[in-house]
Enquirer: 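Structure in structure tokens, see below.
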Amino acid sequence: MHIGHAKAMSLNFFIAAENNGLCNLRFDDTNPAKETVEFEQSIMEDVRWLGFDWQDRLFYASDYFEKLYEYAVQLIRDGKAYVDDLSPDQIREYRGTLTEPGKNSPFRNRPVEENLDLFARMRAGEFEEGQRILRAKIDMSSGNINMRDPALFRIKKEAHYRAGDKWCIYPMYDFAHPISDALEGITHSLCSLEYEDHRPLYDWFLENLPVSCRPVQIEFARLSLSYTVMSKRKLLTLVRDGHVRGWDDPRMPTLSGYRRRGYTPEAIRSFCQMVGVGAKRNVVLDVAMLEHAIRDDLNKHAPRAMGVLRPLRVVIDNYPEGQSEELDAVNNPEDPAMGTRKVPFSRVLYLERDDFREDPPKQFFRLAPGREVRLRYAYFIKCKDVIKDDSGNIVELRCTYDPATRGGDSPDGRSPKSTLHWVSAAHALPAEIRLYDRLFNKERPDDDEDFTTSLNPQSLDVVNDSWLEPHLGSAKPGDRCQFERIGYFCVDPDSTPGKLVFNRTVTLRDTWAKIENKNARP
RNA sequence: UGGGAGGUCGUCCAACGGUAGGACCGCAGACUCUGGAUCUGCUUAUCGGGGUUCGAAUCCCUGCCUCCCAGCCA
């Protein structure tokens with residue numbers, strides 16, 4: 001399932017709940033060639049993960065095959081269905097085109113008894129695939145092609161993953177769908193916009209068959225997202241051609257991808273509610289809306305931690321060598337109930353490279369030569385010296401700290417412009433951090449003849465020498481946290497106790513990056 | 001020269017024929033031990049043309065544009 005399916009799923013369950021109704025889960029497994037248990041399992045896993053519950057109402061169209069067969073026989077008896085001997089190619093020719101009406105099959109007016117006999121023999125396996133087919137007798141001149149004597153049952157000499165080899169004829173979705181709905185007592189059957197043309201057929205079956213319930217089909221808009229693709233074919237291309245690492249690659253708009261990336265089901269659901277139901281045209285949502293939903297959720301629930309992505313070694317000259325201490329840090333300022341933790345501090349630290357500039361631009365508040373900043377929950381430090389290697393790269397900073405500012409507050413009331421995250425070099429844990437960006441550079445990759453031309457070559461950036469606060473050593477795959485000032489992260493299944501691997505779910509809003517970009521542009 | 005469905009801020013979603021509103025994004029400011037979060041303010045829209053009406057996003061006519069349909073797929 002992808003995020004578009006999640007929206008459809010949410011719509012069904014939310015609308016049912018709002019109206020004190022129930023929502024069933026049914027697999028319309030009418031085509032034995034296309035159904036697999038794995039497919040079914042992964043759908044149920046995704047639906048459950050999203051938090052929806054179909055209780056004991058799990059259904060399969062394949063459980064209705066016998067009834068569907070009987071309904072088909074009924075249509076034949078009523079002179080409303082017939083067995084056609086035309087080949088698939090001939091049927092296509094006879095169907096006409098969008099602008100020209102079709103013409104009747106020469107087999108259209110077979111006697112009822114002959115149809116009954118032929119249909120029974122279809123079921124008995126006497127004919128080959130494509131040799132004969134059961135069609136409804138509606139109107140070959142209809143402007144709606146779905147009404148030009150649609151197929152009801154076709155021969156497929158293939159075993160069904162649930163029904164086994166019991167059948168060699170299988171119902172078409174258009175036939176099975178309204179009847180399955182009626183059998184389940186469905187009142188409202190929601191589907192996507194491309195089925196609007198099928199509604200007259202849906203209604204035709206219900207009007208011409210003795211059903212005890214009269215469901216109504218209502219169509220809703222499909223959802224897609226900006227900067228990604230949604231079609232199964234295109235997603236498959238991404239996987240098959242190695243543009244991503246698999247269906248659950250954190251850059252994929254699949255639920256398994258979002259899950260691995262660290263999205264919560266709550267965020268996906270709240271996004272789906274944000275989207276609403278009203279549209280009668282397919283829409284492309286701004287991915288920023290999804291990002292808002294996950295930030296909103298994680299801000300309230302994710303514990304904070306400190307992690308330095310790209311380390312710069314900092315030595316606190318006036319801090320005693322060999323000494324260390326533990327400082328109190330708040331786990332989540334949004335939720336005091338989440339408590340505090342201890343963070344070790346010592347003479348050698350790692351700071352984020354981005355947080356230091358030898359020659360700071362105008363609005364840069366962070367560390368620079370001679371400047372004082374606060375280390376989160378620790379001390380104020382001042383940069384005294386910049387150490388470079390032979391080629392001029394900064395390799396180390398020499399700083400001093402103010403012992404009076406322990407915990408992050410100064411008795412004289414002074415307050416630095418900036419507070420930085422840090423990690424004690426002697427205590428920190430090494431980690432690999434995978435930074436994800438949008439998969440495509442273009443808002444609507446579908447607009448291109450070849451959608452892969454707008455793939456973003458920088459959609460994955462693996463940072464190998466990151467350092468994390470020691471308490472993260474016990475983090476398990478799936479655990480989420482915020483690395484302060486950077487973003488929300490989630491432990492990847494690739495992670496091992498010896499080598500932590502984190503995925504960036506989403507960045508924090510970054511005002512400084514915006515300022516920097518703006519200054520860079522003109 | 002077929003049938004069906006649509007066109008409201010940049011993007012989504014609203015508005016018994018009665019002040020076009022909300023969310024996201026963007027911009028400006030306040031606050032802040034995360035340049036985070038939060039709060040405040042601001043910018044921007046009814047596809048075009050005719051009608052009906054005291055009054056039209058809404059009703060009528062007309063034009064334009066977009067999407068879907070010719071599987072024995074769903």
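Naming convention: chains lettered A, B, ... in sequence-line order (proteins, then strands); numbering from 1 in each chain. Keep in mind that this is a model prediction, so the values were computed, not measured.
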Enquirer: Counting only Watson-Crick or G-U wobble pairs whose two distances fall under 3.5 Å, which nucleotide matches rC24(B)?
Expert: rG10(B)
Enquirer: Taking atom C1' in both rG10(B) and rA45(B), what distance in whole Å separates the two?
Expert: 10 Å
Enquirer: Counting side-chain heavy atoms from C-beta on, which of rC68(B), rC72(B), rC24(B) comes nearest to Glu194(A)?
Expert: rC68(B)
Enquirer: rG2(B) pairs with which nucleotide, Watson-Crick or G-U wobble, both distances below 3.5 Å?
Expert: rC69(B)
Enquirer: Mind checking Ile515(A) for me? I need base, sugar-phosphate or nothing, with any heavy atom below 4.0 Å counting as a touch.
Expert: base
Enquirer: Going by salt bridge (charged side-chain N to carboxylate O under 4.0 Å, His left out), name the pairs with one or both residues in residues 147-158 of chain A, residues two or more places apart or in two chains.
Expert: Arg108(A)-Asp149(A), Glu128(A)-Lys157(A)
Enquirer: With the criterion being N/O to N/O and under 3.5 Å, what pairs connect the protein with nucleotides 27-29 of chain B, and how long is each?
Expert:
{"from": "rA28(B)", "atom 1": "OP1", "to": "Lys518(A)", "atom 2": "NZ", "distance (Å)": "3.4"}

Enquirer: Which ones in residues 333-340 of chain A lie close to RNA chain B, meaning a heavy atom under 4.0 Å from one of its atoms?
Expert: Pro333(A), Glu334(A)
Enquirer: Do Glu484(A) and Gln482(A) meet the criterion of a side-chain donor-acceptor pair at a distance under 3.5 Å?
Expert: no
Enquirer: Please tell me if the side chains of Tyr379(A) and Arg406(A) come closer than 4.5 Å, counting only heavy atoms from C-beta onward.
Expert: yes
Enquirer: Is the ring centre of Phe345(A) less than 6.0 Å from the ring centre of Trp422(A)?
Expert: yes
Enquirer: Between rU58(B) and rG48(B), how many Å separate the two P atoms, rounded to a whole number?
Expert: 10 Å
Enquirer: I'd like to check His421(A) versus Ile486(A) (side-chain heavy atoms, cut-off strictly below 4.5 Å). Are they in contact?
Expert: yes
Enquirer: Taking the same atom, P, in rG36(B) and in rA30(B), what whole-Å distance lies between them?
Expert: 13 Å
Enquirer: Within less than 4.0 Å of OP1 or OP2 of rA70(B), is there a side-chain N or O belonging to Arg148(A)?
Expert: no
Enquirer: Is any side-chain N or O of Arg154(A) closer than 4.0 Å to OP1 or OP2 of rA74(B)?
Expert: yes
Enquirer: Would you check if the distance from the ring center of Tyr71(A) to the ring center of Phe205(A) is below 6.0 Å?
Expert: no
Enquirer: OP1 or OP2 of rC69(B) versus the side-chain N and O atoms of Arg95(A): is any pair under 4.0 Å?
Expert: no
Enquirer: What does Lys417(A) touch in the nucleic acid at a heavy-atom separation under 4.0 angstrom: a base, only the sugar-phosphate, or nothing?
Expert: nothing
Enquirer: Tell me, please, which residues at least two apart from Arg371(A) pass salt bridge (Lys or Arg N to Asp or Glu O under 4.0 Å).
Expert: none
Enquirer: Taking only side-chain N and O atoms of Ser226(A), does any of them lie within less than 4.0 angstrom of OP1 or OP2 on rU11(B)?
Expert: no
Enquirer: Check this one for me: any side-chain N or O of Arg509(A) less than 4.0 Å away from OP1 or OP2 of rA37(B)?
Expert: yes
Enquirer: Counting side-chain heavy atoms from CB outward, which of rC68(B), rA37(B), rU34(B) is closest to Asn299(A)?
Expert: rA37(B)
Enquirer: Let's test this: given Watson-Crick or G-U wobble pairing with both distances under 3.5 Å, identify the partner of rU58(B).
Expert: none
Enquirer: Please state the C1' separation for the pair rU66(B) and rU8(B) - nearest whole angstrom.
Expert: 15 Å
Enquirer: Run the side chain to side chain contact (heavy atoms under 4.5 Å, CB included) test against Lys300(A) and tell me which residues pass, sequence neighbours left out.
Expert: Asp296(A)
Enquirer: Taking any strand in view, what nucleotide pairs with rU46(B) in a Watson-Crick or G-U wobble way, both distances under 3.5 Å?
Expert: none
Enquirer: Using atom C1' in both nucleotides, what's the gap between rU46(B) and rC12(B) to the nearest angstrom?
Expert: 16 Å
Enquirer: Compare the minimum distances between each of rG36(B), rC13(B), rG71(B) and the side chain of Leu508(A), then state the nucleotide with the smallest one.
Expert: rG36(B)
Enquirer: With a 4.5 Å limit on heavy-atom distance, are the side chains of Ile91(A) and Tyr94(A) in contact?
Expert: no
Enquirer: So what does Leu134(A) hit on the nucleic acid, given a heavy-atom distance under 4.0 Å: a base, only sugar-phosphate, or nothing?
Expert: nothing
Enquirer: From C-beta outward on Leu285(A), which listed nucleotide comes closest to its side chain: rC12(B), rC72(B), rG10(B)?
Expert: rC12(B)
Enquirer: Ignoring hydrogens and angles, write down the donor-acceptor pairs under 3.5 Å from the side chains of residues 278-289 of chain A, residues two or more places apart or on other chains.
Expert:
{"from": "Asn282(A)", "atom 1": "OD1", "to": "Arg222(A)", "atom 2": "N", "distance (Å)": "2.6"}
{"from": "Asp286(A)", "atom 1": "OD1", "to": "Ala288(A)", "atom 2": "N", "distance (Å)": "3.0"}

Enquirer: Extract from the structure each pairing of a protein N or O with an N or O of nucleotides 21-23 of chain B at less than 3.5 Å, listing the distance.
Expert:
none

Enquirer: Go along nucleotides 2-8 of chain B 5' to 3' and tag each nucleotide: B for a protein heavy atom under 4.0 Å from its base, S when only backbone or sugar atoms are that close, - otherwise.
Expert: BBSSSSS
Enquirer: Once you apply a heavy-atom cut-off of 4.0 Å, does Met147(A) come out as touching a base, just sugar-phosphate, or nothing?
Expert: nothing
Enquirer: Can you see whether Arg26(A) engages His177(A) through a side-chain donor-acceptor pair at a distance of less than 3.5 angstrom?
Expert: yes
Enquirer: Taking only the C1' atom of each, what is the distance from rU1(B) to rG55(B) in whole angstrom?
Expert: 41 Å
Enquirer: Without decimals, in angstroms, what is the distance between Asn282(A) CG and rU11(B) C1'?
Expert: 15 Å
Enquirer: Does rA15(B) have a Watson-Crick or wobble mate here (both distances under 3.5 Å), and if so which one?
Expert: none
Enquirer: Given the C1' atoms of rC68(B) and rC39(B), what is the spacing between them in whole Å?
Expert: 46 Å
Enquirer: Between Asp510(A) and Asp29(A), who's closer to the 5' end of RNA chain B by nearest nucleotide?
Expert: Asp510(A)
Enquirer: Nearest-nucleotide wise, let me know which of Ile133(A) and Asp409(A) is further upstream toward the 5' end of RNA chain B.
Expert: Asp409(A)
Enquirer: How many whole angstroms separate atom CZ of Arg295(A) from atom P of rU34(B)?
Expert: 18 Å
Enquirer: Name the pairs: protein N/O against N/O of nucleotides 41-48 of chain B, kept only if under 3.5 Å.
Expert:
none

Enquirer: Can you list everything that forms a ring-ring contact (aromatic ring centres under 6.0 Å, His included) with Phe380(A)? Sequence neighbours excluded, please.
Expert: none
Enquirer: Determine the contact category for Tyr170(A): base if any of its heavy atoms lies under 4.0 Å from a base atom, sugar-phosphate if only primed atoms, P, OP1 or OP2 are that close, otherwise nothing.
Expert: nothing
Enquirer: State, with a plain yes or no, whether a side-chain heavy atom of Lys7(A) is found less than 4.5 Å away from one of Val275(A).
Expert: yes
Enquirer: Quick one: list whatever passes side chain to side chain contact (heavy atoms under 4.5 Å, CB included) with Gln273(A), sequence neighbours left out.
Expert: Phe14(A)
Enquirer: Given atom CD of Glu219(A) and atom P of rC68(B), what is their separation to the nearest angstrom?
Expert: 16 Å
Enquirer: Are any non-hydrogen side-chain atoms of Lys234(A) and Pro445(A) less than 4.5 angstrom apart?
Expert: no
Enquirer: May I have the distance from Leu367(A) (atom CG) to rG35(B) (atom C1'), rounded to whole angstrom?
Expert: 15 Å
Enquirer: Across the strands shown, which category fits Tyr227(A) at heavy-atom distances under 4.0 angstrom: base, sugar-phosphate, nothing?
Expert: nothing
Enquirer: Rounding to the closest angstrom, what is the interatomic distance between rA37(B) and rU43(B) at atom C1'?
Expert: 25 Å
Enquirer: Kindly list each side-chain donor-acceptor pair under 3.5 angstrom involving residues 29-39 of chain A, sequence neighbours excluded, with atom names and distances?
Expert:
{"from": "Asp29(A)", "atom 1": "OD1", "to": "Ala61(A)", "atom 2": "N", "distance (Å)": "3.3"}
{"from": "Asp29(A)", "atom 1": "OD1", "to": "Ser62(A)", "atom 2": "N", "distance (Å)": "2.8"}
{"from": "Asp29(A)", "atom 1": "OD1", "to": "Ser62(A)", "atom 2": "OG", "distance (Å)": "3.3"}
{"from": "Asp29(A)", "atom 1": "OD2", "to": "Ser62(A)", "atom 2": "OG", "distance (Å)": "2.6"}
{"from": "Asn31(A)", "atom 1": "OD1", "to": "Ala33(A)", "atom 2": "N", "distance (Å)": "3.0"}
{"from": "Thr36(A)", "atom 1": "OG1", "to": "Phe39(A)", "atom 2": "N", "distance (Å)": "3.0"}

